[in-house]
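Since the structure is predicted, the reported quantities are computational estimates derived from the model, not experimental observations. The basis for the numbers below is simple: all heavy atoms, side chains too, and nothing from hydrogens, waters or symmetry mates. Numbers here are sequence positions counted from 1. Counting starts at 1 for both ligands and their atoms, following the listed order.
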Amino acid sequence: MKFDHILIRYGELALKGKNQKFFINTLRSNVQRALKNYPHLSIKGKRDHMYILLDGEDPQPIINKCKDIFGIQSFSLAMKVENDEEKIKQAALEALNQDQGQTFKITCKRPNKHFPVRSQKMNQVLGGHLLTNTDNWQVDVHNPDVDIRVEIRHDATYITAKKIPGKGGLPVGSTGKTLLLMSGGIDSPVAGYLTMKRGVKLEAIHFHSPPFTSERAKQKVEDLAQTLTKFGGEVKLHLVPFTEIQQKIFKEAPENYGMTIMRRIMLQISEKVAEQKGILSLATGESLGQVASQTMESMHAINEVTNYPIIRPLVAMDKTEIIDLSKEIDTYEISIRPYEDCCTIFVPKQPKTRPKREKVNQFEAPIDFTNEIEKAINGVETVVFNASKSQKDDEIDELL
Ligand code: ATP
Ligand code: MG
């Protein structure tokens, strides 16, 4: 008998009372989507765990794919046997024989109280059985090389060896949707990742200013969106033409308040796009104290234009922590490509680091952006990215 399935543990998910079924179904469809190259595998979502029947497949690539899915606390390779003492003994022995080391421990749990032998007793029975039937293994309950876990559940008994950690978090799609303001920088993709970790599905919005920003700068943002699909499935990227607005700010607003005004307009447009899509929050990669736009005063001045909740997962993180995370999620190398973004082109030489609401309102009052904002929103181009490839690729495929 070989390990014939992968056991998936939910962790936090199990606490969610009435919503549990919804959470489990969301996770299940996320797993299914990640494994769409294995359509023959069956994935079963139970109340307290999920499992993937391996059907002879090599488990390692499957586990690797599932390691990117939020909502999974840990995995184990597992064998499923009937709730029968003799069969459990036999399977535990086979699990040990497939592992390597010198010492082992048995950890038995019995959520199914109808099973007649108590966990402590089962530990002894199984430990004895393994010692009698192997040559070189010894028991070490404190620091074993192999921990054989036996979970006697209602439907069956699961015998597992190594526990492999998952990503934790909540299944993406289980707690709503946000619109992420995504630049081509290091921070916003990491903010998107952390928002997804709490079960939030992403759409992204990017402001670009062609011809001042290049095709390659846009490509960079598209590549970032594509990378994020690995963790949360489909990501829609809304590209907003921002040139006219930036030129108008540049021409008509005092230079040192240009950045504050630009950020405020970005937020206004983002809120409108979110509203159109039925999305209830915005997310940004802002952190405190990094650059001029990220002082407390600046956030206060910028935030005035919207009453949408703004998720700022990085607000309390150090830059080094953010960089480490961006490397871990494979966005770093894309983010450091040197192409200009709309903010760097029109950035004032000396942006106001402590802007005031009264002042910014005073400067904005004589400038009417209504038409430009409407035009920008009407000019939004949306590109859809999926876990394997972008919709653009699909369109190209069709043409070929
Ligand atoms: P990032 O690394 O995400 O670019 P940053 O440290 O450069 O962040 P800022 O340039 O102050 O910080 O931008 C703050 C946030 O504003 C960004 O994290 C992002 O959420 C949003 N933002 C900035 N520029 C754009 C843009 N061109 N399109 C969409 N959102 C943007
Ligand atoms: Mg930036």
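- Near Ile186, the atoms of ligand 1 lying under 4.0 angstrom from a non-hydrogen atom of the residue are 2 (O).
- Looking only at atom types and distance, the side chain of Thr227 has no donor-acceptor partner in the side chain of Asp330 under 3.5 Å away.
- Counting the atoms of ligand 1 from 1 in the order shown, those under 4.0 Å from a heavy atom of Thr284 are 20 (O).
- Contacts between Ile205 and ligand 1 below 4.0 angstrom, taking non-hydrogen atoms only, involve the backbone exclusively.
- Residues Arg9 and Ser74 bring a donor and an acceptor atom of their side chains to less than 3.5 Å of each other.
- If you number the atoms of ligand 1 from 1 as listed, the ones under 4.0 Å from a heavy atom of Met182 come out as 28 (N), 29 (C), 30 (N).
- Shown in contact with Gly185 at under 4.0 Å from a heavy atom are these atoms of ligand 1, numbered in order with element: 1 (P), 2 (O), 4 (O).
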For residues 118-126, which side-chain N or O atoms pair as donor and acceptor with protein atoms under 3.5 Å away, sequence neighbours left out?
| unit_1 | atom_1 | unit_2 | atom_2 | d |
| --- | --- | --- | --- | --- |
| Asn123 | OD1 | Cys108 | N | 2.9 |

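- Of the charged side-chain nitrogens involved, none lies within less than 4.0 Å of a carboxylate oxygen, so that Lys375 and Glu372 do not count as a salt-bridged pair.
- Considering each of Lys319, Met262, Glu286, Arg263, the one bringing a non-hydrogen atom nearest atom 10 (O) of ligand 1 is Arg263.
- Within the cation-pi definition used here (under 6.0 Å to the ring centroid, within 45° of the axis), Lys44 does not qualify as a partner of Tyr51.
- Residue-ligand proximity: Met266 is placed with a non-hydrogen atom under 4.0 Å from ligand 1.
- No hydrogens or angles considered: a donor-acceptor pair under 3.5 Å links the side chains of His40 and Glu57.
- When each atom of ligand 1 is checked for a heavy atom of Asp187 under 4.0 Å away, the hits are 1 (P), 2 (O), 3 (O), 5 (P), 6 (O), 8 (O).
- Considering backbone and side-chain N/O atoms, Gly285 comes within less than 3.5 Å of an N/O atom of ligand 1.
- Between the side chains of Thr370 and Asp368, at least one donor-acceptor pair of N or O atoms lies under 3.5 Å.
- When the heavy-atom distances from atom 14 (C) of ligand 1 to Gln294, Arg312, His206 are ranked, the shortest goes to Gln294.
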